[in-house]
**Q** 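Handing you this structure, nothing more for now.
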Amino acid sequence: MRIDLLSPASFAAGQPHDQYRWLREHAPVYWHEEPAGRGFWAVTRYEDVWTVDRDFQTYSSEPTIMIADPSEGQNGGGFGPYKMMLMMDPPEHAGFRKLIRSEFTLPSARLRGERIAALARQIVDAVAARGECDFVADVAGEMPSFVIAELMGLPLDDGRELYKLTEAIHTAPEAQAPGAGGAAVAKMFEYAAGLIAEKRARPKGDLASKLLAAELDGRRLEDPEFMLFFLLLVDAGGDTTRNLLAGGLLALMDAPEQLAWLKADLDARLPAAREELLRWTSPVIYMRRTAKHDAELAGSQIRAGDKVVMYFGAANRDPARFDAPETLDLARQSEGHLAFGAGPHVCLGQHIARIEIDAMLREVLTRMDHFELAAPPEWLPSNFISGPRSMPLRFRAI
Ligand code: HEM
């Protein structure tokens, strides 16, 4: 089996489940060469991914969670001395996470439920009568951009523009114009700088205003710290949710009997189905850690400084954890899947994501029917985030 978990080509039609399967069976902690780097350990079994993600004392999120090492003089997830909380370890990480945690609890997420349901209706209203759409751009992508705009207190159109930038940030450099990813980050920061001025002058009840007023160890956030928070939130909640929705619908179209089962009692079956679609699609392909000291992982000797990369989609199809994992089974108990990660960095937005997913699936599946691809879906050329970036669809309005 040729193993290549770096080339975006390996992810050009979804995740490379044949490679994952081989790795789990033959080399669950596999030394992966890296043409432009020093190589890394690819971890593909459920139990090992679970262990690495939770053991922050051995496996650090610093300096970066991306496979590529930061270039000389740069840090991996920020600029100057500043970094994103995704790339921090406890206890520093906990202080930052605490600043926004209350906005993301289950009760807070539920308070947004009605508004999210109304947005879902509005999104489907705009396409239902047309009988065709690009499901990614017109439906799946609309929801996360609206939600981030609402959270941050921005105009909805700005949410849409920012969200386009996240796609450029997640696309592999070799699959787009040189510098496009960096330019997108720069635009995001420029927007965040404008937002700081606006929200300081006219604070409201939104998360951006709250973050600017919040205190961390008795001081306010510095502008670059706010900007990195902003980038993280826009980035983390954008094409992840979009890809779950688009990849999820694609999976349902491939399994019509499953789709029919779900629709036969949508309200009761949606929670289990949503978790199974999360397990199945695993939109975040990997997170990297860096070993702080020598350690043994499933028989492999990890050395201090080694890069250790967790493949969530591979862990989520580990037969040691899930029965018949390569079968989509919406009725299964998929709890414990690792699509949202685990440990101190476990997805902060997971409750909001679940509410978004449920609202969109409910709206789509009760108002649209007879889905048919109008052209083959095109996948995001990325080894980091997985999902279709366009999915032309014909359907019937119900
Ligand atoms: C289907 C949708 C989503 C998926 C699959 C997903 C997945 C993930 C994963 C795998 C991580 C890293 C966990 C780890 O390292 O163990 C993460 C972190 C994070 N996610 Fe999500 N996410 C989704 C939606 C969202 C949404 C909607 C938001 C916010 C509105 C969000 C905000 C975050 C943040 C802030 C972090 C960083 C947490 C930290 O560093 O402490 N995510 N997410």
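Note that ligands are numbered from 1 as they come in the structure, with each ligand's atoms numbered from 1 the same way.
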**Q** For a salt bridge (charged side-chain N to carboxylate O under 4.0 Å, His left out) with Glu225, tell me which candidate from Arg220, Arg219, Lys83 qualifies.
**A** Arg219

**Q** Quick one: do the Glu276 and Ser334 side chains pair a donor with an acceptor below 3.5 Å?
**A** yes

**Q** Go through ligand 1 atom by atom and flag the ones less than 4.0 Å from a non-hydrogen atom of Met287.
**A** 12 (C), 15 (O)

**Q** Should you measure from each heavy atom of Glu356, which atoms of ligand 1 turn up under 4.0 Å away?
**A** 27 (C)

**Q** For Glu356, what residues pass the salt bridge (Lys or Arg N to Asp or Glu O under 4.0 Å) criterion, not counting sequence neighbours?
**A** none

**Q** From atom 30 (C) of ligand 1, work out which of Phe56, Phe104, Phe96 has a heavy atom at the shortest distance.
**A** Phe104

**Q** Determine which pairs satisfy ring pair (Phe, Tyr, Trp, His ring centres under 6.0 Å) with at least one residue from residues 359-385, sequence neighbours left out, and list them in order.
**A** His170-Phe384, Tyr286-Phe384

**Q** Could you list the atoms of ligand 1 found under 4.0 angstrom from a heavy atom of Ala342?
**A** 16 (O)

**Q** Nearest protein heavy atom to atom 15 (O) of ligand 1, by residue and atom, and its distance?
**A** Arg289 NH2, 2.9 Å

**Q** Checking Glu161 against Lys187 for the side chain to side chain contact (heavy atoms under 4.5 Å, CB included) test, could you report, in this order, the C-alpha distance in whole Å, the side-chain angles of both residues, the deciding distance, and whether it holds?
**A** CA-CA 10 Å; Glu161 289 306 310; Lys187 274 199 193 146; over 6 Å; no

**Q** To check your reading of the model: name the closest protein heavy atom to atom 37 (C) of ligand 1, its residue, and the distance in Å.
**A** Leu86 CD1, 3.7 Å

**Q** List the steps and the verdict of side chain to side chain contact (heavy atoms under 4.5 Å, CB included) for Tyr30 and Ile3.
**A** CA-CA 10 Å; Tyr30 170 83; Ile3 299 298; 3.5 Å; yes

**Q** Which atoms of the protein, restricted to N, O or S, are nearer than 2.8 Å to atom 21 (Fe) of ligand 1?
**A** Cys347 SG

**Q** Taking only residues two or more places apart in sequence or in another chain, which ones pass salt bridge (Lys or Arg N to Asp or Glu O under 4.0 Å) with Asp306?
**A** none

**Q** With a 4.0 Å cut-off on heavy atoms, is Met84 touching ligand 1?
**A** no

**Q** Note the single closest protein heavy atom to atom 40 (O) of ligand 1, along with its residue, its atom name and the distance in Å.
**A** His345 ND1, 2.7 Å

**Q** Can you name the atoms of ligand 1, numbered from 1 with element, that are less than 4.0 Å from a heavy atom of Thr241?
**A** 1 (C), 2 (C), 24 (C), 27 (C)

**Q** Pick whichever of Met85, His93, Met87 has a heavy atom sitting closest to atom 41 (O) of ligand 1.
**A** His93

**Q** Go through ligand 1 atom by atom and flag the ones less than 4.0 Å from a non-hydrogen atom of Ala339.
**A** 5 (C), 7 (C), 10 (C)

**Q** May I have the step-by-step check of side chain to side chain contact (heavy atoms under 4.5 Å, CB included) for Phe146 and Gln122, ending in yes or no?
**A** CA-CA 11 Å; Phe146 279 16; Gln122 197 179 315; 3.9 Å; yes

**Q** Salt-bridge test for Asp223 and Arg200: reply yes if a basic N is under 4.0 Å from a carboxylate O, no otherwise.
**A** yes

**Q** Give me the residue, atom name and distance of the protein heavy atom closest to atom 16 (O) of ligand 1.
**A** Asp53 OD2, 2.6 Å

**Q** Would you say that Glu275 contacts Arg354 through its side chain, given a criterion of any heavy-atom pair below 4.5 Å between the two side chains?
**A** yes

**Q** For the residue pair Ser10 and Ser7, confirm or rule out a side-chain donor-acceptor distance under 3.5 Å.
**A** no

